[in-house]
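The basis for the numbers below is simple: all heavy atoms, side chains too, and nothing from hydrogens, waters or symmetry mates. Here is the naming used below: chain letters follow the sequence lines, and residue numbers restart at 1 for every chain.
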Amino acid sequence: MVDRPAGSNKPHLELHVPEPKFRPGDQADFSHIDIGEAGAQPRPDEACDAKETLPLCYDLIRVLGEDNKAHGAWDPKLDPETLRQMLQHFATVRAFDERMFRGQRQGKTSFYMKCTGEEATSVSAAMALASDDMVFPSYRQQGVLIARGYPMIEMINQIYSNKADKLKGRQLPIMYSSREHSFFSISGNLATQTPQAVGWAMASAIKNDSRIAATWVGEGSTAEGDFHSACTFATVYNAPVIINVINNQWAISSFSGFAGAERTTFAARALGYGLAGLRVDGNDPLAVYAAERWAANRARANQGPTLIEFFTYRAEGHSTSDDPSGYRSAQEREEWPLGDPINRLKNHLIELGEWDEDRQAAMDKEAAEKVKATTKEAEKNGILGHGLHHPFRTMFQDVYEELPWHLEEQAAQAKREREIKWPGEEPWS
Amino acid sequence: MSDALKTHAREKPVAEQGTERRLNMIEAINDALDIMLERDPDVIIMGEDVGYFGGVFRCTAGLQEKHGKTRVFDTPISECGIIGVAVGMGAYGLRPVPEIQFADYIYPGLDQLISEAARLRYRSACDYIAPMTVRSPFGGGIFGGQTHSQSPEAIFTHVSGLKTVIPSTPYDAKGLLISCIEDNDPVIFFEPKRIYNGPFSGFYDKPVEPWKKHKDSVVPEGHYTIPLGKARHVTEGEELTVLAYGTMVHVAEAVCREKGVEADILDLRTMVPLDIEAIEASVKKTGRCMIVHEATRTSGFGAELSALVQERCFYHLEAPIERVTGFDTPYPHSLEWAYFPGPVRLGEAIDRLLKD
């Protein structure tokens, strides 16, 4: 294999395999992360040339400072009522995650994925979009549905795959879909939704519609070919689309270095494509809102697509099937220098004199109770594996618009099997 | 419009003038696309080189000039992007007709077809559908080497939620393509490029007659459809059944004619949905079945057909089912005619089928 004769002075080539800075047992230290002053980042005009966003691809757009005040040109200047609404969605998402996580541990469903620490990247972003803008989410954007007022019971019915699940028990838990809420069906294959979002946005432009599309993709999945196809198509056709990259540092147990984070930022991916790029403190709800609104305005005005990197941290495991203590420092979550988005918004409202700890406690309690009551309501429709699922015949529906003969034959076979296994019962129920 | 575009537009294939309108397969496909662009404002065509230039095989010639750049346009060379974007367009409510320039290049777009387009209706319980028709020239016999000759239809027939359609005449190409575009499921429409210009007989050393001398090149004006899932009886006969599609329909027909065999040749037209009734009726009538395709043998669509015939017609069979296929090698450039399932391979299979 080696081409080197003895004594050769050619340099040894060495393969670099990225390694995260901290492993279990290590003391986490995030001092290497360059965090700029809140409010120090320039805010170019939304119609600017994509090139003008270059510095913003390496800096970090921040609004909320250590003093809990909003700073600088990116301050979206939201009124207190809107901020409280955002806080309310945060409280709901966190309570929902807690309850569903527990539901999985209780065996009521097979799987769940929390978004703890990343709530702003979906809730605040969704609030910056129009309610009929089409979203192509990945699997950690439950905050979009909450912010859009999707009935919580439908979310739980889906997670339990019960008889009221609108998706007829076909999808993994949390892979929601709601056409009514302009929320695209979630795929388990990664980054596939990115070119789809671009295609939807292109269609909207072809039809001279006014709605734009937004998609969410994890930083790990930016390594997928689909992401690069999406960026190419977005820029070629100036598609009215926002590509949100959630850099939560971890793709299951692979740290962001395996998607290229050691060499550049994910926002800087935009530069090579000619997209506008923004790198944003993803734990700063005001910065998230402002960046998403900037990109939405830009897209809506035919000024082109934007790639936004939300720099955040996945505080919990990847899913209920994952144990992060096996691969990362236990202190990382506490040491994460950008804090917790909910606390930051709460403290900002308190600083504004528009909120207090008691009201927060009451809000959290109310959210928890609402989730609990809704869960009980959903459980009446069944939980996974306890019989109350969609009628058996639905298994063969919707593969095609019409049932072809071979599926008809297979359905008849399935029916016969049911009659033998459970005689006396209605076989199609 | 630039003068260059005007000049170029005159290159659009024009049908033979006369009392009958005779088209080759390229013209028939172009006609179908033109009609659908005209009839349905949600139909759009995209793919590498399909816009200004009109496609490397000229199937979309003149369509951009006639229907505009936002209805017919070129794309980046990214099959994953082309198919992925089409899924999003379908979800919006359009009916995209993406072209993959050669079927051999469809693999980077496979995940979008298999995991996304095919399952979207099912997984979203009809919240979203992906009504798209992916057109792609396929098959060999054109000295295309291993990257311009493959027949990957079996990959798609294995996927629940996709339909696979292959025409073998200009008349069928137009009627089937219109049906595909109007269908609400994602369809793969493979165009046998060896017979774009004439019905190739498989006798590679004999001249190929152009389509205009063939009865199935008479293509009616305007809109008509051929239902998916209905096979075509090419010839009626009592001696054996031939199941074929695409180019191989014509090869089988020529070989049977040459050998003087009275064969019941079925052009399947669509693999999924499949016309099982026609297959069953024919094999029960003749008692002998030869399955012909150009794709590699192992796990090819012929294996599925063979299994179906065995399951449904076993007690009517007078001889073992014969599969005539390409070999399990990549398509060799210089040895193309050794690979191609031509008259000798078909002839031997027919002899085996008829020997007792």
Side-chain angles (χ1 to χ4, degrees), chain A residues 134 136 165-171 175-180 183-189 191-209 211 213 215 224-226 228-233 236-237 239 241 390 394 397-402 404-407 409, chain B residues 41-42 44 46 68 70-71 73-94 96 98 108-109 111-112 114-131 160-163 183-186 228-229 272-277 308:
Chain A
M134 186 70 188
F136 289 76
D165 172 13
K166 292 198 160 178
L167 306 185
K168 302 186 184 175
R170 293 167 179 166
Q171 276 273 51
M175 294 201 178
Y176 318 101
S177 171
S178 174
R179 189 178 183 85
E180 207 184 334
F183 189 95
F184 194 68
S185 157
I186 297 174
S187 175
N189 292 28
T192 52
Q193 78 278 8
T194 49
Q196 294 165 5
V198 174
W200 195 98
M202 288 169 65
S204 188
I206 287 169
K207 290 303 218 180
N208 302 128
D209 199 339
R211 292 172 294 164
T215 183
E224 295 279 8
D226 300 59
H228 300 278
S229 299
C231 290
T232 302
F233 275 71
V236 165
Y237 301 104
V241 66
H390 264 272
T394 62
Q397 295 170 352
D398 309 329
V399 179
Y400 297 93
E401 188 173 35
E402 286 165 14
W405 65 266
H406 64 287
L407 279 178
E409 285 189 359
Chain B
D42 291 332
I44 69 116
M46 59 173 178
T70 58
R71 301 286 307 284
F73 54 85
D74 295 322
T75 63
I77 304 174
S78 167
E79 291 76 15
C80 154
I82 293 169
I83 310 284
V85 154
V87 171
M89 288 177 167
Y92 180 94
L94 300 186
D111 187 40
Q112 287 287 348
I114 292 174
S115 313
E116 303 293 318
R119 294 189 208 150
L120 188 56
R121 174 193 294 280
Y122 192 76
R123 79 175 194 221
S124 73
C126 297
D127 236 5
Y128 298 99
I129 59 171
S160 313
L162 291 181
K163 293 177 177 172
D183 199 281
N184 285 328
D185 292 315
L228 305 185
V272 179
L274 184 68
D275 191 347
I276 192 67
E277 281 178 16
L308 284 168

* Region of B:Leu162 in contact with chain A, defined by heavy-atom distances below 4.5 Å -> backbone
* Asked: Is it the side chain or the backbone of B:Ala86 that comes within 4.5 Å of chain A heavy atoms, both, or neither?
  -> neither
* **Heavy-atom contact with chain B under 4.5 Å, split by part of A:Met134** => side chain
* Side-chain contact, heavy-atom cut-off 4.5 Å: A:Ser177 with A:Ile186? -> no
* Go through A:Gln196, A:His228, A:Met202, A:Gln171 and name the one with the most non-hydrogen pairs under 4.5 angstrom from chain B. => A:Gln196
* Asked: For B:Asp183, is it the side chain, the backbone, both or neither that has a heavy atom under 4.5 Å from a heavy atom of chain A?
  -> neither
* To do: Identify which part of B:Ile82 has an atom lying under 4.5 Å from any heavy atom of chain A, answering side chain, backbone, both or neither.
  => both
* To do: Decide whether A:Asn189 and B:Ser115 meet the rule of one side-chain donor and one side-chain acceptor closer than 3.5 Å.
  => yes
* Among B:Glu79, B:Glu277, B:Met89, B:Arg123, which has the most heavy-atom pairs under 4.5 Å with chain A? -> B:Arg123
* **Aromatic ring proximity A:Phe183/A:Phe136, centre distance under 6.0 Å** => no
* Of all of B:Ala118, B:Ser160, B:Pro186, B:Ala125, which one pairs up most often with chain A through heavy atoms under 4.5 Å apart? -> B:Ala125
* Let me know if B:Asp111 has heavy atoms under 4.5 Å from chain A in its side chain, its backbone, both or neither. => side chain
* Asked: Could you go step by step and tell me if A:Tyr400 and A:Leu407 meet the side chain to side chain contact (heavy atoms under 4.5 Å, CB included) rule?
  -> CA-CA 10 Å; A:Tyr400 297 93; A:Leu407 279 178; 4.1 Å; yes
* Among A:Lys168, A:Lys207, A:His406, which has the most heavy-atom pairs under 4.5 Å with chain B? -> A:Lys207
* To do: Consider only side-chain N and O atoms of A:Ser185 and B:Ser124, and report whether a donor and an acceptor are under 3.5 Å apart.
  => no
* Asked: Going by atom types alone, do A:Ser187 and B:Glu116 pair a side-chain donor with an acceptor below 3.5 Å?
  -> yes
* With a 4.5 angstrom heavy-atom cut-off, which part of B:Leu94 approaches chain A: side chain, backbone, both or neither? -> side chain
* Structure fact -> Honestly, the part of A:Tyr176 sitting under 4.5 Å from a heavy atom of chain B is neither
* Structure fact -> Bottom line for A:Ser204: the part with an atom under 4.5 Å from chain B's heavy atoms is both
* Under 3.5 Å, side chain of A:Trp405 to main-chain N/O of B:Leu274, donor-acceptor pair present? -> yes
* A:Glu180, A:Gln193, A:Arg211, A:Arg179: which one forms the most heavy-atom pairs within less than 4.5 Å of chain B? -> A:Arg179
* Among the options B:Leu308, B:Ile129, B:Ile83, B:Asp185, pick out the one with the most heavy-atom pairs lying under 4.5 Å from chain A. => B:Asp185
* **Residues A:Glu401, B:Lys163: salt bridge by 4.0 Å N-O rule** => no
* Structure fact -> Pair count under 4.5 Å, heavy atoms only, with chain A: among B:Val87, B:Val272, B:Ile276, B:Ile44, highest is B:Ile276
* Selection from A:Gly188, A:Ala239, A:Pro195, A:Ser178 maximising heavy-atom pairs under 4.5 Å formed with chain B -> A:Pro195
* Asked: Is a side-chain donor-acceptor pair under 3.5 Å present for A:Asp209 with B:Tyr92?
  -> yes
* To do: Measure B:Pro41 against the heavy atoms of chain A and call it side chain, backbone, both or neither at under 4.5 Å.
  => both
* Structure fact -> Honestly, the part of A:Glu409 sitting under 4.5 Å from a heavy atom of chain B is side chain
* Asked: Looking only at side chains, do A:Thr192 and A:Asp226 share a donor and an acceptor under 3.5 Å apart?
  -> no
* Asked: Is chain B contacted by the side chain of A:Val236, its backbone, both, or neither, given a heavy-atom distance below 4.5 Å?
  -> side chain
* Answer yes or no for A:Arg170 and B:Tyr122: cation-pi contact, defined as NZ/CZ to six-membered ring centre under 6.0 Å and angle to ring axis within 45°. => yes
* Exam field: side chain B:Arg121 to backbone B:Asn184, donor-acceptor pair closer than 3.5 Å -> yes
